[in-house]
*Asks:* 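This is the structure I have questions about; it appears just below.
If you're wondering where the values come from, they're calculated on a predicted model, not measured in any experiment. Proteins get letters first, then strands, A, B, ... in listed order; numbering begins at 1 in each.
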Amino acid sequence: GHKAKRGKLSGEYEDGKKETEESILHEISTDSETEDEHKPKSNSAKRKRVSSPVEQDPNEAYFSNPYIKVLKWEWFTDSQKESRVLPIEPYLLYQGRIIDRPGDPKTPGKGSSFTARTKTPQSILERARADAENDTSSPVQQRSNRKLGQIGGGRVSAPFQTTPHSKRAALLHQTTSEHDLGQSSDLPEMPPWVQNDVKYACQRSTHADPPNAAFIAQLDKIKLARLLTGDEIGVRAYSTSIAALAAYPHKLSTGREILLLPGCDAKIANLYVEFANYGKIQEAEDAENNEELKVQKLFYNIWGVGATTARDFHKEKGWRDLDDVVEYGWQTLTRVQQIGVKYYDEFLLPIPRSEVEDIAATIHKHAVKLRDAGIQSLVVGGYRRGKEHCGDVDIILSHPDESKTLNIITDIVASLEQESWITHTLLISTKTSDRGQQTLALNSSSTHGHGFDSLDKALVVWQNPHYTPSTSNPSDPKPKNTNPHRRVDIIISPFKSGVALQFSLTSLRKS
DNA sequence: CGGCAAATACTG
DNA sequence: CAGTAT
DNA sequence: GCCG
């Protein structure tokens, strides 16, 4: 019977024994808990949205200048109340712009080239300015460079010692390459987030395909190795450096350039030099080809299996592939892990943007049906970052009337299940609605005073139920839906929160 | 040289 | 509580 | 592995 189980995993359910498949389905019992008997009725828009008269944008002048503006939150709520775009002037807390580097010949002007309406941000810019000044000299002590050992020799730790008196370690001198310690003048201008010491990755723009993607891919391999071996510190170190590299808009030309990026130091710079010279990084290749890591990566790719469990499967249980998991461990898997195994291959398939859009549209449609047209939805994640193919679908739903988002996640999942779009619910979180109900019952005042920032969400398995029966066997009495199963995250956000606010501002300004 | 992302929720 | 996920 |  073991070989029969093999068949399940290769995805040939249809020609396999029906009995087997059913037993699997039974064992899984993954159908989401929400019963479809109570179909949520659509709230036929009792409350139509007041359409505001088309009017001149009172803030045109403000938005046409290059200054960054910070407004009081009340501007938004008041605008909402009046259903029109209020002038921002009375709400303006601060406006300013990023100044250029002090030494920059392009800006002979004074340093105080920003207009502070309040004193708050001053210190930040002062700090940035100070940093920039201190940074003008080369971070590398060129004179005292130590010649370090050959890079590709397999010794990874020895060459990377930090020179005692400089913070930055010297880079390996590679005479055969232009990817060397360059002159201090040939570095490209650092993007603002480097110069200004921007602290959070979310403040940098992200690119779908950064200029240094190939190098980043190598670092990702090392990071994965750190992950699988339980080296959490290493994971974090590589994560931060990769994040900085991914936001870096220039093609790297010298290793020294990397030292200027936050989270990047000698190790990463040396890896870059190796990459630039040989087109690959030995440590990354080794990690990728490592047999143990290959097995553990296989398990790690099961949804619901993390590094710890992947290692356990391999080293404690002694399993070596998915068949072993099914044969010897099926009953010990959690419910979501069984789902993860069942759709192992499909979850790894990339999702084309067009399909992401289709899925989002379907979800939006159901949300509108369940509430009203005030529903706003926004696809985030890989799609929003412009990726051609996405690993999953992340969609945020919101509504200006917060009461309309109450329990909506439950309703949406039920509705989509009933129409067979959602095949499984991996996880559903209703904490926010739970708490919201309590406070709402007490405070009849609607919007204010809640401190929770968690979001209702559902992580589900999605499959397009509309399929064309296989052409090979059109008379099949029970044709099979071969549309791939997708991972979809539906997130409910209070309208007030950032993402919702962002696109509400966009639409307001367009009106 | 020591410390190390943040917050939150579900599952078993 | 440990593990996993967002 | 980086940072203070």
*Asks:* By the 4.0 Å heavy-atom rule, please label A:L426 as base, sugar-phosphate, or nothing.
*Replies:*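 The answer is nothing, as A:L426 stays clear of every strand by at least 4.0 Å.
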
*Asks:* Got a sec, which residues hit ring pair (Phe, Tyr, Trp, His ring centres under 6.0 Å) with A:F299, two or more places apart in sequence or on another chain?
*Replies:*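 For A:F299 the ring pair (Phe, Tyr, Trp, His ring centres under 6.0 Å) partners, ignoring immediate neighbours, are A:F313.
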
*Asks:* Could I get the full list of side chain to side chain contact (heavy atoms under 4.5 Å, CB included) partners for A:K223, not counting sequence neighbours?
*Replies:*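 Expected list: A:D220, A:V235, A:Y238, A:S239, A:I242.
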
*Asks:* Rounded to whole Å, how long is the line connecting atom OH of A:Y272 with atom P of D:dC2?
*Replies:*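 Spelled out: OH on A:Y272 to P on D:dC2 is 17 Å.
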
*Asks:* With rounding to whole Å, what would you report as the distance between B:dC4 and C:dT6 at their P atoms?
*Replies:*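 Straight-line distance between the two P atoms is 26 Å.
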
*Asks:* Using heavy atoms and a sub-4.0 Å distance, could you list which residues of residues 293-309 of chain A are near DNA chain C? By number, please.
*Replies:*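 Heavy-atom contacts with DNA chain C come from A:I302, A:W303, A:G304, A:V305, A:G306, A:A307, A:T308, A:T309.
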
*Asks:* Restricting to salt bridge (Lys or Arg N to Asp or Glu O under 4.0 Å), what partner residues turn up for A:E388, sequence neighbours left out?
*Replies:*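 None.
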
*Asks:* Between A:K267 and D:dG1, does any side-chain N or O lie under 4.0 Å from OP1 or OP2?
*Replies:*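 Affirmative; the distance criterion is met.
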
*Asks:* Quick one: salt bridge (Lys or Arg N to Asp or Glu O under 4.0 Å) partners of A:E316, sequence neighbours excluded?
*Replies:*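 If we apply the salt bridge (Lys or Arg N to Asp or Glu O under 4.0 Å) test to A:E316, skipping adjacent residues, there are no hits.
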
*Asks:* Near DNA chain D, which residues from residues 221-238 of chain A have a heavy atom under 4.0 Å away?
*Replies:*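 A:R226, A:I233, A:A237, A:Y238, in order of number.
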
*Asks:* Among all residues two or more places apart in sequence or in another chain, which pass the side-chain hydrogen bond (donor to acceptor under 3.5 Å, both in side chains) test with A:W421?
*Replies:*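 With neighbours one apart ignored, the set is A:E419.
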
*Asks:* Whole-Å distance between B:dA9 P and A:D456 CG?
*Replies:*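 For the pair A:D456 CG and B:dA9 P, the rounded distance is 10 Å.
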
*Asks:* Taking atom P of B:dT8 as reference, at what distance in whole Å does atom CG of A:L427 sit?
*Replies:*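 One finds 16 Å between P of B:dT8 and CG of A:L427, rounded.
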
*Asks:* Fill in the dot-bracket string of DNA chain D, one character per base: . for unpaired, | for a pair to another strand, ( ) or [ ] for pairs within the strand, taking Watson-Crick or G-U pairs under 3.5 Å.
*Replies:* ||||

*Asks:* Which part of the nucleic acid does A:R487 contact within heavy-atom distance under 4.0 Å: base, sugar-phosphate only, or nothing?
*Replies:*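 Since only primed, P, OP1 and OP2 atoms lie under 4.0 Å of A:R487, the category is sugar-phosphate.
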
*Asks:* May I ask you to say what A:T332 touches in the nucleic acid, namely base, sugar-phosphate or nothing, with a heavy-atom cut-off under 4.0 Å?
*Replies:*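 No contact.
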
*Asks:* Taking the side chain from A:R311 and the backbone from A:T229, do they hold a donor-acceptor pair closer than 3.5 Å?
*Replies:*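 Not confirmed, A:R311 side chain does not pair with A:T229 backbone.
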
*Asks:* Looking at residues at least two apart in the chain, or sitting in another chain, which of them share a ring pair (Phe, Tyr, Trp, His ring centres under 6.0 Å) with A:H389?
*Replies:*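 With sequence neighbours excluded, A:H389 shows a ring pair (Phe, Tyr, Trp, His ring centres under 6.0 Å) to no residue whatsoever.
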
*Asks:* In terms of side-chain heavy atoms of A:D489, which of C:dT6, D:dG1, B:dG12 is nearest?
*Replies:*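 Nearest to the side-chain atoms of A:D489, counting from C-beta on, is C:dT6.
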
*Asks:* In whole angstrom, what separates A:L455's CG from C:dT6's C1'?
*Replies:*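 Going from CG in A:L455 over to C1' in C:dT6 covers 10 Å.
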
*Asks:* Looking only at the side chains, is there a donor atom on one of A:E257 and A:Y248 sitting less than 3.5 Å from an acceptor on the other?
*Replies:*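 Side chains of A:E257 and A:Y248: pair found under 3.5 Å.
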
*Asks:* Report which part of the nucleic acid A:I491 touches: base, sugar-phosphate, or nothing (heavy-atom distance under 4.0 Å, all strands).
*Replies:*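 No contact.
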
*Asks:* My understanding is that only residues two or more places apart in sequence, or in another chain, count here; which of them pass side chain to side chain contact (heavy atoms under 4.5 Å, CB included) with A:A225?
*Replies:*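 Once residues adjacent in sequence are excluded, the partners of A:A225 under the side chain to side chain contact (heavy atoms under 4.5 Å, CB included) criterion are A:A287, A:L293.
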
*Asks:* How many whole angstroms separate atom CG of A:D265 from atom P of D:dG4?
*Replies:*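 So the CG-P distance, A:D265 to D:dG4, works out to 11 Å.
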
*Asks:* What residues, two or more places apart in sequence or in another chain, satisfy ring pair (Phe, Tyr, Trp, His ring centres under 6.0 Å) together with A:F347?
*Replies:*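 A:F347: ring pair (Phe, Tyr, Trp, His ring centres under 6.0 Å) contacts with A:Y343.
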
*Asks:* Which whole-number value in Å describes the distance from A:L333 CG to B:dT11 P?
*Replies:*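 Roughly 17 Å, once rounded to whole Å.
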
*Asks:* Do A:R371 and A:D411 pass the salt bridge (Lys or Arg N to Asp or Glu O under 4.0 Å) test, and can you show the C-alpha distance, the side-chain angles, and the key distance before you say yes or no?
*Replies:* CA-CA 10 Å; A:R371 294 296 187 267; A:D411 295 346; 3.0 Å; yes

*Asks:* Measure the distance from CG on A:D392 to C1' on C:dT6 and round it to the nearest whole Å.
*Replies:*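 For the pair A:D392 CG and C:dT6 C1', the rounded distance is 10 Å.
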
*Asks:* Any side-chain N or O of A:T334 less than 4.0 Å from the OP1 or OP2 oxygen of B:dT11?
*Replies:*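 So the side-chain polar atoms of A:T334 never come under 4.0 Å of the phosphate oxygens OP1 or OP2 of B:dT11.
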
*Asks:* I'd like the C1' distance from D:dC3 over to B:dA5, given in whole Å.
*Replies:*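 Roughly 14 Å separates the two C1' atoms.
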
*Asks:* Which residues pass the salt bridge (Lys or Arg N to Asp or Glu O under 4.0 Å) test with A:D231, sequence neighbours left out?
*Replies:*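 A:D231 satisfies salt bridge (Lys or Arg N to Asp or Glu O under 4.0 Å) with A:R226 once adjacent residues are dropped.
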
*Asks:* When the distance from CD of A:Q337 to C1' of B:dT11 is rounded to whole Å, what number comes out?
*Replies:*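 Roughly 10 Å, once rounded to whole Å.
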
